[in-house]
Amino acid sequence: MGISKITNDEIFNFVSKKGCFCSCKKGQIINMDTEKQSYIYAVIDGFMFVKQSALNGKELIIKIIKPGNFFLLDISDYEYINYQYYALAKTDCQLVKLRESVFTNALDKNTNLKANWLTYVYNQVNKKNLIIRDLLYSEKKEHYIQH
């Protein structure tokens, strides 16, 4: 288990203890068709891409997940959106998955875990905002807009 950097020790430990281990082979996809409920995943080993696929066929890598990181595949609003999120294993991966309902119930009961989760989500939103800012204010924006 070669974890380079754990995003948040408390969250990682919680998901690891309460979740169940699973593995994905290189090229395997985790999406709404393979999962019938929402899960939070913690990556123990390997690399995953979280991708967004639009109806027009374009795909965008939303996040690169490495050991010690998390991702959430939420299927609750799947029928109402015009794109699909899925995770693609770029290497053979070892994961821990925990039902989102179990995780959110724990957040309601554990204020420290909830504070850590909110900080994690806040940091992820800030990273996305920085990417958007960079795209809007760099000379590369024409490339992204035209294609």
Side-chain angles (χ1 to χ4, degrees), residues 1-16 18-19 22 24 26-35 37-108 110-147:
M1 180 170 107
I3 295 176
S4 56
K5 180 180 180 243
I6 296 177
T7 305
N8 186 297
D9 287 332
E10 185 175 4
I11 296 170
F12 191 85
N13 290 336
F14 180 83
V15 173
S16 296
K18 300 291 185 181
C22 58
C24 292
K26 180 179 179 179
Q28 186 175 342
I29 293 175
I30 301 172
N31 64 13
M32 283 70 161
D33 296 331
T34 57
E35 299 293 351
Q37 35 184 321
S38 300
Y39 288 96
I40 182 173
Y41 292 85
V43 177
I44 304 293
D45 191 34
F47 290 87
M48 307 276 302
F49 285 175
V50 175
K51 297 179 98 178
Q52 176 184 335
S53 177
L55 288 178
N56 64 5
K58 292 187 178 186
E59 290 188 344
L60 179 65
I61 296 173
I62 302 298
K63 189 171 183 181
I64 299 172
I65 309 294
K66 59 185 180 179
N69 288 122
F70 307 92
F71 66 95
L72 174 71
L73 285 181
D74 185 3
I75 65 169
S76 59
D77 293 329
Y78 180 58
E79 303 90 34
Y80 307 108
I81 56 177
N82 293 328
Y83 52 85
Q84 179 183 16
Y85 286 104
Y86 62 94
L88 170 68
K90 291 304 288 178
T91 63
D92 289 346
C93 297
Q94 297 296 318
L95 309 168
V96 177
K97 73 178 186 178
L98 179 66
R99 280 195 323 247
E100 182 190 21
S101 59
V102 172
F103 186 69
T104 55
N105 287 339
L107 292 178
D108 290 340
N110 184 333
T111 56
N112 195 38
L113 184 65
K114 186 174 190 172
N116 281 318
W117 180 251
L118 291 174
T119 299
Y120 173 77
V121 170
Y122 176 78
N123 288 335
Q124 296 304 307
V125 169
N126 277 342
K127 287 178 188 177
K128 297 297 180 217
N129 286 339
L130 290 173
I131 291 169
I132 292 169
R133 183 205 62 193
D134 289 346
L135 288 174
L136 289 174
Y137 293 113
S138 72
E139 294 182 16
K140 296 179 184 178
K141 70 179 178 184
E142 290 82 15
H143 172 75
Y144 292 101
I145 294 171
Q146 291 174 359
H147 296 286

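The structure displayed is predicted, hence computed values, not measured ones.
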How close do [X] and [Y] get, counting heavy atoms only, and between which atoms?
X: Leu95; Y: Cys24; result: CD1-SG, 3.7 Å
X: Ile44; Y: Pro67; result: O-CB, 3.4 Å
X: Leu113; Y: Asn110; result: N-OD1, 3.0 Å

Quick check: do [X] and [Y] have side-chain heavy atoms less than 4.5 Å from each other?
X: Ile62; Y: Lys128; result: yes
X: Val96; Y: Cys22; result: no
X: Leu72; Y: Glu100; result: yes
X: Leu118; Y: Tyr122; result: no
X: Val43; Y: Met48; result: yes

Residue list, ring-ring contact (aromatic ring centres under 6.0 Å, His included) with Phe49, at least two apart or on another chain: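 Residues passing ring-ring contact (aromatic ring centres under 6.0 Å, His included) with Phe49: none at all.
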Trp117 and Phe70 aromatic ring geometry - parallel, tilted or perpendicular at 30°/60° bounds: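 Perpendicular.
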Straight-line distance of [X] [atom1] to [Y] [atom2], nearest 0.5 Å:
X: Phe103; Y: Lys18; atom1: CZ; atom2: NZ; answer: 12.5 Å
X: Cys93; Y: Leu88; atom1: SG; atom2: CG; answer: 9.0 Å
X: Asp45; Y: Thr91; atom1: CG; atom2: OG1; answer: 7.0 Å
X: Leu107; Y: Lys114; atom1: CG; atom2: NZ; answer: 7.0 Å
X: Phe14; Y: Glu10; atom1: CZ; atom2: CD; answer: 9.0 Å
X: Asn69; Y: Tyr41; atom1: CG; atom2: OH; answer: 16.0 Å

Do Lys97 and Tyr39 meet the cation-pi criteria used here (NZ or CZ under 6.0 Å from the six-membered ring centre, within 45° of the axis)?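 Lys97 over Tyr39 ring: yes.
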With a 6.0 Å cut-off (strictly less than), is the heavy-atom count around NZ of Lys26, excluding the residue itself, greater than 12? no
Just wondering, are more than 12 heavy atoms of other shown residues or ligands nearer than 6.0 Å to NZ in Lys90? no
Gln124 and Lys63 side chains, donor-acceptor separation under 3.5 Å: yes
With a 3.5 Å distance limit and no angle check, can you tell me whether Asn116 reaches the backbone of Asn112 through a side-chain donor-acceptor pair?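 Yes.
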Quick one: does any side-chain atom of Asn105 pair with a main-chain N or O of Ser101 as donor and acceptor, under 3.5 Å? yes
